[in-house]
Amino acid sequence: MMRNLRVNSSFKSKRDAEILQNALTILQAMTSNTNFPEPSPSLTEVQDAVTDYQEKLAKASQKGSPLDESIKNESKEGLGSVLKRLAFYVNSVAEGNMPMLLSSGFSLSAQPIAGLIPPIPTRLRLTDGPLSGQIRFDFDKIAGRLIYEYSMADERDESGMLVWSDRKTTTSTRNILSGLQPGTTYYVRVRAVNSNGPGDWCEPVSLMAR
């Protein structure tokens, strides 16, 4: 299935020069990339991690002391962590679209086994939050290592379709929406995401904020 295509998010086994080259390629490809308008983490954070690693790598290469090597390795792990988060963002936005994935500068992972995307979250419930202008939403937990994405809508377009907000992420099945307008009806939908990509959205549920 095309939607199972994803970019590689593992950098642990990369050699020093290899991870640095990968990071520079990704930075160049993601800069002003209209496919990914709001990178998370920001490209500034990625650039800072690259710069820090370049400096630590250069110092370790010149002196080669155990301390410099240790500091370099710590910086390398930090860069790998930042790139892993960026890869997750790319996979979430591209949803298996090969041209979009390739435009990010990341390499593609091996094609995963079909059918391993997570199932649709069940029993989405909306209830009043503890304060005015808040709505609590809960749903049943899905087994496995994954996160959840949710979006909200409070209006419809000219064709009657709900206008969904940008996706937000959570690791919890119990969440609070804040800053809502009392008397306005809000719709919420949720989907699960694992390393193979996002599952399908659940049916939206609505509640009027108090």
Side-chain angles (χ1 to χ4, degrees), residues 1 3-12 23 26 30 35-46 48-49 74 76-97 100-101 104 106 108-109 112-131 133-154 162 164-180 186-207 209:
M1 296 173 59
R3 69 181 300 168
N4 280 339
L5 286 174
R6 57 194 174 93
V7 298
N8 184 22
S9 61
S10 177
F11 295 87
K12 288 185 177 180
I26 292 164
M30 290 289 289
N35 289 323
F36 307 102
E38 297 180 359
S40 177
S42 69
L43 297 186
T44 298
E45 184 175 348
V46 178
D48 289 343
E74 183 177 4
K76 181 180 179 181
E77 289 182 7
L79 175 58
S81 177
V82 169
L83 293 177
K84 184 174 183 179
R85 288 162 52 205
L86 186 61
F88 181 82
Y89 163 79
V90 167
N91 285 326
S92 298
V93 173
E95 296 186 324
N97 183 292
M100 286 182 66
L101 291 170
S104 70
F106 283 89
L108 291 181
S109 293
I113 299 173
L116 293 185
I117 58 172
I120 299 173
T122 57
R123 293 205 319 131
L124 173 62
R125 288 102 56 199
L126 302 186
T127 54
D128 290 336
L131 301 175
Q134 293 184 341
I135 288 178
R136 171 173 169 168
F137 70 97
D138 304 83
F139 49 93
D140 290 350
K141 180 180 177 64
I142 297 175
R145 298 179 61 184
L146 45 73
I147 67 166
Y148 303 98
E149 292 183 336
Y150 65 92
S151 59
M152 181 176 60
D154 62 359
L162 289 169
W164 293 104
S165 66
D166 292 337
R167 297 187 301 271
K168 297 183 179 180
T169 60
T170 179
T171 57
S172 175
T173 60
R174 300 157 130 203
N175 300 270
I176 297 289
L177 299 171
S178 301
L180 308 181
Y186 291 89
Y187 293 80
V188 179
R189 62 179 182 176
V190 180
R191 68 180 179 181
V193 184
N194 63 16
S195 59
N196 292 307
D200 292 324
W201 292 105
C202 72
E203 287 297 318
V205 177
S206 64
L207 181 72

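These numbers come from the heavy atoms of this one structure, side chains and all, not from hydrogens, waters or symmetry mates.
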Exercise: identify the closest heavy-atom pair between [X] and [Y]:
X    : Y    : answer
M152 : L177 : SD-CD1, 3.7 Å
T170 : S172 : OG1-N, 3.1 Å
L180 : A209 : CB-CB, 4.1 Å
I142 : A192 : CD1-CB, 3.7 Å
S9   : A87  : CB-CB, 3.6 Å
S151 : R189 : OG-NE, 2.8 Å

State the [atom1]-[atom2] distance between [X] and [Y], to the nearest 0.5 angstrom.
X    : Y    : atom1 : atom2 : answer
W201 : R167 : CH2   : CZ    : 6.0 Å
L146 : I117 : CG    : CD1   : 12.0 Å
E38  : L43  : CD    : CG    : 11.5 Å
D138 : T127 : CG    : OG1   : 5.5 Å
I176 : L131 : CD1   : CG    : 8.5 Å
Y148 : C202 : OH    : SG    : 11.5 Å

Check against side chain to side chain contact (heavy atoms under 4.5 Å, CB included), L86 and F106: CA-CA 10 Å; L86 186 61; F106 283 89; 4.0 Å; yes
Donor-acceptor contact present, side-chain S81 to main-chain E77, <3.5 Å: no
Donor-acceptor pair, side chain of N91 and main chain of V7, under 3.5 angstrom: yes
Does any non-hydrogen side-chain atom of [Y] lie less than 4.5 Å from one of [X]?
X    : Y    : answer
T169 : Y150 : no
F139 : T122 : no
D154 : Y187 : no

Within 6.0 Å of CZ in R174, more than 12 heavy atoms from elsewhere: no
Crowding at CD, E45 (>12 non-hydrogen neighbours, <6.0 Å): yes
Basic-acidic side-chain contact under 4.0 Å: R191, E95: yes
Check against side chain to side chain contact (heavy atoms under 4.5 Å, CB included), V46 and L83: CA-CA 7 Å; V46 178; L83 293 177; 4.2 Å; yes
CA sep, side-chain torsions, deciding dist, call: L126, V205, side chain to side chain contact (heavy atoms under 4.5 Å, CB included): CA-CA 7 Å; L126 302 186; V205 177; 3.9 Å; yes
Residue pair D166, K168: steps toward the salt bridge (Lys or Arg N to Asp or Glu O under 4.0 Å) verdict: CA-CA 7 Å; D166 292 337; K168 297 183 179 180; over 6 Å; no
Working for side chain to side chain contact (heavy atoms under 4.5 Å, CB included), residues D140 and T173: CA-CA 7 Å; D140 290 350; T173 60; over 6 Å; no
Audit row: S40, R85, side chain to side chain donor-acceptor pair (under 3.5 Å) steps and yes/no: CA-CA 7 Å; S40 177; R85 288 162 52 205; 5.5 Å; no
